[in-house]
J.: 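Below you will find the structure I want to go over with you.
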Amino acid sequence: MAYFKHAKIGYEGPGSNNPMAFRHYQPEQKIGHQTMEEHLRFSMAYWHTLTFDGSDPFGRGNMLRPWDHFTGIDLAKARLEAAFELLEILNIPFFCFHDIDIAPEGDSLATFFKNVDTIVDEMKGYMNSSGKKLLWNTANMFTNPRYVHGAATTNHADVFATAAAQVKHGLDIAKELNGENYVFWGGREGYETLLNTDVALELDNLAKFLHMAADYAEKIGFTGQLLIEPKPKEPTTHQYDTDVATTVSFLRQYHLQDRFRLNLEANHATLAGHTFEHELRLARIQGMLGSVDANQGDTLVGWDTDEFPTDIYSVTLAMYEILKNGGLKQGGLNFDAKVRRGSYHAEDLITAHVAGMDTFAWGLKAANALIEQRVLDSVLEERYETFSTGVGKDIVAGKATLESLHDYALTLGEIENQSGRQESLKAKIQDVIYSVR
Ligand code: XLS
Ligand code: NI
Ligand code: NI
């Protein structure tokens, strides 16, 4: 190991006091029919772990990284080597990146693509020798100043064309590296003010862009899933892919619903005013759950803090939705999460991932127990019982009419509702979480 002196992280069990060991994550342990590794499909995010320097609007970069003395393409190569070391140490099978995370942009688009290709070539070598896989890649179409007014929803056709070139190149890479998915996060696809914005044209253009991308993926025989990642508020005031409901309705409007699924991020859910599990549920029941960006937000601040997930309650409910979905399938749990500015040692990159992986492993055990014990299933059965017989059954079957319900309602005496019992349900969930520990 050139950059990290640490050996592979092992399992020590819930009693361990060692931050460099797993309490819950045992890759080979079976939960139901699959191993933890198969269920969880962990992935490391290149941008937060290899590229992020700790800078925020109030301070410059402060992260101490053992590859800091390099620049240019040498820095890119050093980070690549470090990335595969970390995957090995942490026993993480997948990784994700944006094009600009892995290689310098240089002074033209052509140079940028050349630099990216150089790194992709080396990446392929590392992948072959390590067995690590690409969960997804994506094109960063928001950092470069040309994307000031958006990419697929820009007002400038040449910017649209440049974005298209980046996506074509990105899909070629996805195919080359056998990516399991390809992600579109809308970056600056949104607007700040209606005063200068043609919303109708921008939405139509976005749909055209996504159709072109799906057509091209099909043409080159890329079989990974194409994913859209909803997010509200950042960086523009109004983001076109604000949440699951908005994004699915956009996809349906433009006949894209069979070509795309969703990549859902916990912090984006809370920014949208939803819980993570709400977003997962809405996607799941519509067959749109593709993959997950595993992180958490700070609900006391109003931006995307992308923290490592350590909230067992929320993670349990998220894993519940994932298990009910029949698993993540081609998707995975990508740690779109960064260490805090105060956690600036390279070692923190390891302990942060360990904390996130363990929380999800514990949440998986708890969610599985909730399902095995039919805790929530039996609640729903009982609560919606009136829809399984009589008039309720007719409503569900589409046999009732306003007139038939009118006549029926007039025969009713006082209606007796039942308690929703949410406090005792929350207590029960805590019991289950701690019982599997
Ligand atoms: C930003 C997004 C981004 C996507 C990939 O908030 O989460 O990191 O996951 O472009
Ligand atoms: Ni994300
Ligand atoms: Ni985010």
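Bear in mind the structure is a predicted one, so any value in this text is a computation, not a measurement. Heads up: numbering here begins at 1 and tracks the sequence. Read the numbers this way: they start at 1 and go in the same order the structure lists the ligands and their atoms.
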J.: Quick check: of its N, O or S atoms, which one does Glu265 have closest to the Ni ion (ligand 3)?
T.: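 Of the nitrogen, oxygen and sulfur atoms in Glu265, the Ni ion (ligand 3) lies nearest to OE2.
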
J.: Any idea which N/O/S atom from Asp336 gets closest to the Ni ion (ligand 2)?
T.: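 Restricting Asp336 to its N, O and S atoms, the minimum distance to the Ni ion (ligand 2) goes to OD2.
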
J.: Salt bridge between Arg259 and Asp215, side-chain N to carboxylate O under 4.0 Å?
T.: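 Yes, Arg259 and Asp215 are salt-bridged.
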
J.: At a 4.0 Å threshold, what atoms of ligand 1 neighbour a non-hydrogen atom of Lys231?
T.: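 Numbered from 1, ligand 1 contributes 1 (C), 6 (O).
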
J.: Nearest N/O/S atom of Asp293 with respect to the Ni ion (ligand 2), by atom name, please.
T.: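 Considering only N, O and S atoms, Asp293 comes nearest to the Ni ion (ligand 2) through OD2.
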
J.: Among all the protein's non-hydrogen atoms, which is closest to atom 10 (O) of ligand 1, and how far away is it?
T.: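 The closest one turns out to be His98 NE2, 2.7 Å.
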
J.: Enumerate the atoms of ligand 1 whose separation from the nearest heavy atom of Trp136 is less than 4.0 angstrom.
T.: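 Result: 5 (C), 9 (O).
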
J.: Any N or O on Asp293 sitting closer than 3.5 Å to an N or O of ligand 1?
T.: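 Min N/O separation from ligand 1 is below 3.5 Å for Asp293.
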
J.: Would you mind checking which non-hydrogen protein atom is closest to atom 2 (C) of ligand 1, with the distance to 0.1 Å?
T.: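 Here the closest protein heavy atom is Glu229 OE2, 3.3 Å.
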
J.: To the nearest 0.5 Å, what is the distance between CH2 on Trp362 and OG1 on Thr310?
T.: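 So the CH2 of Trp362 and the OG1 of Thr310 are separated by 10.5 Å.
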
J.: Could Lys231 and Glu265 be called an ion pair, given the rule that one side-chain N must be under 4.0 Å from one carboxylate O?
T.: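 Looking at Glu265 together with Lys231, the answer is no, because their closest N to O distance does not fall below 4.0 Å.
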
J.: When you measure from atom 8 (O) of ligand 1 to each heavy atom in Asn263, Asp336, Asp304, which option holds the nearest one?
T.: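 The nearest heavy atom belongs to Asp336.
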
J.: Against Phe260, only a single residue in Phe209, Phe184, Tyr254, Phe250 fulfils ring-ring contact (aromatic ring centres under 6.0 Å, His included); can you say which?
T.: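 For Phe260, the ring-ring contact (aromatic ring centres under 6.0 Å, His included) test succeeds with only one of Phe209, Phe184, Tyr254, Phe250, which is Phe184.
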
J.: Short list, please: which atoms of ligand 1 are under 4.0 Å from a heavy atom of Trp47?
T.: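 Numbered from 1, ligand 1 contributes 8 (O).
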
J.: Have a look at Asp304 and say which of its N, O or S atoms is nearest the Ni ion (ligand 3).
T.: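 In Asp304, the N, O or S atom with the shortest distance to the Ni ion (ligand 3) is OD2.
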
J.: Among Trp136, Tyr126, Phe84, whose ring-ring contact (aromatic ring centres under 6.0 Å, His included) with Phe95 holds?
T.: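 Answer after filtering Trp136, Tyr126, Phe84: Phe84.
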
J.: So is there a nitrogen or oxygen of Glu265 less than 3.5 Å from a nitrogen or oxygen in ligand 1?
T.: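 Yes, there is a polar N/O contact under 3.5 Å.
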
J.: As a test of reading the structure, name the N/O/S atom of Glu229 that is nearest the Ni ion (ligand 2).
T.: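 So the atom name we want here is OE2.
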
J.: Determine, using ring centers only, whether Tyr25 and Phe360 are less than 6.0 Å apart.
T.: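 Not close enough - the centres of the two rings lie 6.0 Å or further apart.
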
J.: Of Tyr216, Phe112, Phe113, which is the lone residue that meets ring-ring contact (aromatic ring centres under 6.0 Å, His included) with His169?
T.: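 Per the ring-ring contact (aromatic ring centres under 6.0 Å, His included) rule, the option paired with His169 is Phe113, out of Tyr216, Phe112, Phe113.
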
J.: Under 6.0 Å between ring centres, would you say that holds for Phe42 and Phe335?
T.: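 That pair passes the under 6.0 Å test.
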
J.: Measuring from non-hydrogen atoms of Glu234 to any atom of ligand 1, is the shortest distance under 4.0 Å?
T.: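 So Glu234 does not count as touching ligand 1.
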
J.: Quick check: are there more than 12 heavy atoms from other residues, nucleotides or ligands sitting under 6.0 Å from CZ of Arg261?
T.: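 Incorrect, the count does not exceed 12.
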
